[in-house]
Amino acid sequence: MPSLPQTLIKAALAFVATNLDDFVLLMVFFSQVPNRFSHRQIFWGRYLGFAALVILSLPGFFGGLVLPKAYVGLLGLLPIAIGLRQLFRREDEAEGQVVPPKLPLLNAQMAAIAGITLANGGDNIGIYVSLFAGQTWAELGLTLLVFGVLVALWYWLARGLVDQPGVRDRLTVVGHRLMPLVLIGLGLFILVDGGTYRLIGR
């Protein structure tokens with residue numbers, strides 16, 4: 001049975017290894033504050049998306065079956081759809097869209113961030129399933145606690161980096177043009193990496 005430090009280290013390594021690309025996405029999200037997103041939407045959207053990833057990985061803990069990778073790859077359609085919508089949005093509408101200071105707890109922007117987090121982390125499910133498999137309830141709870149803390153740490157590190165002089169200015173200038181392309185590219189990568197194209201013609 002793994003010791004407490006071993007469980008902590010395994011959980012932290014699994015998170016860092018599977019969320020390096022999410023850090024870049026977070027920086028792009030922050031470059032869109034406040035025109036498209038608010039900090040609160042990004043924060044809670046990330047937690048919602050990551051919670052969905054954990055739920056989809058729990059069959060590993062309970063010893064159940066896992067969805068084939070090709071079907072998980074269908075999640076790539078979500079960032080492609082969001083990216084295309086942003087790409088074809090009229091420029092004047094995008095520039096004029098300012099997020100009000102008071103926002104409902106759950107809205108389209110938060111759902112979009114949660115969906116992109118879920119789609120981008122779809123290929124991580126296999127790793128989390130393996131990580132959860134064979135754990136005790138205490139180890140699972142500790143692992144989820146580490147994940148929860150690191151999701152917040154990722155948020156604050158990315159926000160702090162984007163807030164640095166020069167970084168925000170550059171990201172803001174290119175961010176609204178870069179983001180649709182990043183999302184479309186991400187979705188295509190998820191589809192190809194998951195071998196989802198093999199489902200066509202079945």
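Under the 4.5 Å side-chain heavy-atom criterion for grouping Ile, Leu, Val, Met, Phe, Trp and Tyr, Leu144 is not connected to Ile9 through any hydrophobic cluster. Under the 4.5 Å side-chain heavy-atom criterion for Ile, Leu, Val, Met, Phe, Trp and Tyr, Leu157 and Leu25 are members of the same hydrophobic cluster. Under a hydrophobic-cluster definition in which Ile, Leu, Val, Met, Phe, Trp and Tyr are linked whenever side-chain heavy atoms come within less than 4.5 Å, directly or via other members, Leu20 and Leu13 are assigned to different clusters. Cluster membership check: Ile55 does not share its hydrophobic cluster with Trp44, using side-chain heavy-atom separations under 4.5 Å among Ile, Leu, Val, Met, Phe, Trp and Tyr. Leu181 is connected to Leu77 through a chain of hydrophobic side-chain contacts under 4.5 Å among Ile, Leu, Val, Met, Phe, Trp and Tyr, so both are in one cluster.
Distance check, rounded to the nearest 0.5 Å: CD1 of Ile113 to CD of Gln41 gives 6.0 Å. Distance check: Leu56 CG to Ile125 CD1 gives 4.5 Å after rounding to the nearest 0.5 Å. Taking OH of Tyr128 as the start and OG1 of Thr143 as the end, the distance is 11.0 Å to the nearest 0.5 Å. Atom-to-atom distance recorded for Leu4:CG and Gln6:CD is 10.0 Å, nearest 0.5 angstrom. Remark: Gln109 CD to Gln32 CD distance equals 12.0 Å, nearest 0.5 Å. A distance of 4.5 Å separates CG of Asn120 from CG of Asp22, quoted to the nearest 0.5 Å.
Classification of the Phe132-Phe147 ring pair by plane angle, with boundaries at 30° and 60°, yields tilted. Aromatic ring pairs are classed by plane angle as parallel below 30°, tilted from 30° to 60° and perpendicular above 60°; the pair Trp154 and Phe23 is perpendicular.
Scored by the side chain to side chain donor-acceptor pair (under 3.5 Å) test, Tyr47 finds no partners at all (sequence neighbours excluded).
Shortest non-hydrogen contact noted between Ala12 and Leu150 is CA-CD1, 3.8 Å. When all heavy atoms of Leu118 and Ala52 are compared, the pair lying nearest together is CD1-CB, 3.9 Å. When every heavy atom of Ile80 is checked against every heavy atom of Ile184, the shortest pair comes out as CG1-O, 3.8 Å. In plain terms, the two heavy atoms of Leu26 and Ala158 that are nearest each other are CB-CB, 3.8 Å. Shortest non-hydrogen contact noted between Arg40 and Met110 is O-CE, 4.5 Å. Nearest heavy-atom pair across Arg46 and Val151 is CB-CG1, 4.5 Å.
A donor-acceptor contact shorter than 3.5 Å links the side chain of Asn19 to the backbone of Phe15.
Aromatic ring centres of Phe43 and Phe29 lie farther apart than the 6.0 Å criterion allows.
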